[in-house]
Amino acid sequence: MSWNPMGRAVKASVLSLAMALGVSACSNDYTVSYVYMATSNTLPHGLINAYQVDFQSGYLYVMADSPIDAGGRNTVAIVAAPNNKFLYTVNNFDSSVVEYAVGTDGKLYPQHTYNITGSFTTAAAIDAAGKFLYVTFTYQNTASGQALYTPANPGPGGVTGFPINSDNTLGTPFTVNVGRNPVGIATSRTGNYVYVIEQDSATQANLLGFTQNTTSGALTPMPGVTINAGNVPSTGFTSGLNPAGVLGDAGGTHLYVTDKVLNQVAAYTIGTNGVPTLAGTTTTDAAPMGMSFDLNGKYLYVAANAANAVDIYNVGSTGQLTRLSSGGTVQVGNGPTCVSVSGAPSNANPRHAVYLYTSNQLSNNITGEQLNEKDGTLVQMIGSPFGGSSLPACVVTIPALPVRD
C-alpha cells in the first residue's frame, strides 16, 4: 500500500559554518556520497537524517528536507539496494518496511509501506543480486496472520522474504522460520547464502546459515542447523551468547560476528557449501556491534558500543584479524552502533576521498573520520561530530553522481 509522508522539519543551514572553515559549498561536483542515519523515535515515527558528503573534506551538510519521516515507529535499520537508487527502513513497533526512492540529488521520496509476516522487525539485508529483501522479526504469526507468539507467550521468530521487482517495489512476502530472538542478518556477496544471528541465552550456537534458492528466494537450513518449533532454542554454529553484528567479506570466503558479552569478533571460513567454520576470535573493546570494511577489504572497523570507540583490524590473507599496533582504536561519540564507509566514485581522480561515519546512539550524532587507505588509520575530520535526531540506530552511505576530475 502507498504511504503519504508526514510534515518534514527543516534544519538550519550550515553554509555559514562551511564558509568559515573554508569548505566549498555543496553541489553534485563536490558531493562524493550521501549519508542516511535512521533514528528510533517511537512517536509519532522514526526519522531519517540525510547529509551530503563533501568530496574534499568529508564534511556533512544537512540536506534541506532533513529529517525525513521514516514511515513507522522505532526504526531499527536502514538498508540500500545494490543499485543505490532505493532505500528501505525497518520499523520495529509497526512490523513494517518502507521503500524510498533516492533522487539524483540524494533526496528521499517515500514510495510504499509493506507489512512483514511476523511481529517486531529487527534487521534487514538484500542479496547480492538485488532480487530479495530479507527482514528478521522477533515473533512468528499463525498462517492466518494472527500473533502466535508474543512477549507474554514467547517463542521463535523468523525471516520475511520479499521479492524485489524490477522497479524496486516488493512482491508477495514469504516466511522462513528461525529460532528465538533473531537480531541480525547478512547475505553473502558471492554465492547464495544467508546468515542470521540470534540472542538466545539457552545456547551459544546462535549463528544460523541458510542456502538461498536464487529463483524463489526460499531459504533452506545448512547442514548443522536445526530449526525447532515452540519455546525452545534452535541451534546452528558456535557464536557466543550475545551476537550483535554479522558481516561477510566481498569475496564470500569469510564471515565475521561480534559478541557484546564476550567482547570479541569471531572469524569464520566459508566452505564451498556455505557452512561457516570458526577460524578464531579476536578481542575488542566493550560491547562490539556493527562492522564495516574499507573499500578494498583490507581493514575491518568495529563499533564498540560501551567503549565509545571504533576498533580497527588488519584483515589477513586467510581472513584472520589483527588489531592495528598503532592507532588501533579511535574515540567516537557515545554508544556507537554502526559504521559505514564512503568512497569516491571509480572515475574520481585522485581517489582519495574515503571517509568513515559512525552513528552514535547516546550522543545523538555522527562522527566523521578521514580513512587512510594505506594503513587503515582514522583521523577525525574538521566539524565532527555532526548533529542528528534522538537515538540513532544505524547509518548507511550511497555514492553520488560521478564527480569531475
Side-chain angles (χ1 to χ4, degrees), residues 3 5-15 17-18 23-39 45-71 75 77-90 98-112 126 130 167-168 292 295 338-348 351 353-359 365-369 371 381 383-389 392-404:
W3 172 72
M6 303 194 49
R8 297 175 176 175
V10 179
K11 287 201 169 186
S13 171
V14 296
L15 180 59
L17 175 58
V23 180
S24 300
C26 277
S27 70
N28 279 334
D29 290 337
Y30 295 95
T31 298
V32 63
S33 56
Y34 302 102
V35 172
Y36 304 97
M37 182 171 70
T39 65
H45 281 170
L47 297 170
I48 306 172
N49 295 138
Y51 310 84
Q52 293 172 291
V53 178
D54 180 80
F55 174 73
Q56 297 294 338
S57 68
Y59 191 94
L60 294 185
Y61 291 86
V62 179
M63 295 183 65
D65 60 347
S66 179
I68 303 151
D69 194 308
T75 306
I78 184 168
V79 293
N83 63 14
N84 294 315
K85 296 180 179 179
F86 290 83
L87 285 176
Y88 302 91
T89 59
V90 177
V98 179
E99 170 201 357
Y100 292 82
V102 181
T104 56
D105 58 357
K107 290 183 179 180
L108 299 182
Y109 300 90
Q111 303 297 300
H112 304 89
I126 298 174
D167 60 357
N168 279 88
S292 181
L295 298 179
C338 291
V339 288
S340 185
V341 173
S342 161
S346 58
N347 73 323
R351 188 184 167 88
V354 182
Y355 309 107
L356 181 144
Y357 299 96
T358 306
S359 54
N365 56 22
I366 293 180
T367 302
E369 308 277 348
L371 192 157
M381 64 184 62
S384 178
F386 305 96
S389 300
C394 206
V395 63
V396 67
T397 59
I398 285 182
L401 293 174
V403 296
R404 291 201 295 264

Can you sort out the partners of [X] under side chain to side chain contact (heavy atoms under 4.5 Å, CB included), two or more places apart, ordered by chain and number?
{"X": "Cys338", "answer": "Ser359, Cys394, Val395"}
{"X": "Asn365", "answer": "Asn360, Ser363, Pro385"}
{"X": "Lys107", "answer": "Met63, Asp65, Asp105, Tyr109"}
{"X": "Thr397", "answer": "Val35, Ser340, Ser342, Tyr357"}

Sidechain-backbone polar pair: Tyr59 side chain, Gly368 backbone, donor-acceptor under 3.5 Å: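 Here the side-chain-to-backbone pair does not exist.
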Whether the side chain of Thr39 engages the backbone of Ser389 through a donor-acceptor N/O pair (distance < 3.5 Å, no angle test) should be reported.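 No; judged by distance alone, with no hydrogens or angles, the pair does not exist.
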Can you tell me how far apart [atom1] ([X]) and [atom2] ([Y]) are? Round to the nearest 0.5 Å.
{"X": "Tyr36", "Y": "Asn49", "atom1": "OH", "atom2": "CG", "answer": "12.0 Å"}
{"X": "Thr358", "Y": "Met37", "atom1": "OG1", "atom2": "CE", "answer": "11.0 Å"}
{"X": "Ile48", "Y": "Ile78", "atom1": "CD1", "atom2": "CD1", "answer": "4.5 Å"}
{"X": "Gln52", "Y": "Leu60", "atom1": "CD", "atom2": "CG", "answer": "10.0 Å"}
{"X": "Tyr34", "Y": "Leu87", "atom1": "OH", "atom2": "CG", "answer": "12.5 Å"}

So, for [X] and [Y], which heavy atoms are closest and what is the spacing to 0.1 Å?
{"X": "Val62", "Y": "Ser66", "result": "CG1-CB, 3.9 Å"}
{"X": "Ile366", "Y": "Ser384", "result": "O-OG, 4.1 Å"}
{"X": "Asp69", "Y": "His45", "result": "OD1-ND1, 2.8 Å"}

For Leu47 and Thr75, what are the C-alpha separation, side-chain angles and deciding distance, and is it a side-chain contact (heavy atoms from CB on, under 4.5 Å)? CA-CA 7 Å; Leu47 297 170; Thr75 306; over 6 Å; no
Using the side-chain hydrogen bond (donor to acceptor under 3.5 Å, both in side chains) criterion, which residues pair with Asn84? Sequence neighbours excluded.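 For Asn84 there are no side-chain hydrogen bond (donor to acceptor under 3.5 Å, both in side chains) partners, ignoring immediate neighbours.
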List in chain and number order the residues that pass side-chain hydrogen bond (donor to acceptor under 3.5 Å, both in side chains) with Tyr88, two or more places apart in sequence or in another chain; answer none if no residue qualifies.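 With sequence neighbours excluded, Tyr88 shows a side-chain hydrogen bond (donor to acceptor under 3.5 Å, both in side chains) to Asn168, given in chain and number order.
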Assess the residue pair Val396 and Val79 against the criterion (side-chain contact (heavy atoms from CB on, under 4.5 Å)); give the C-alpha distance rounded to whole Å, side-chain angles, the decisive distance to 0.1 Å, and a yes or no. CA-CA 7 Å; Val396 67; Val79 293; over 6 Å; no
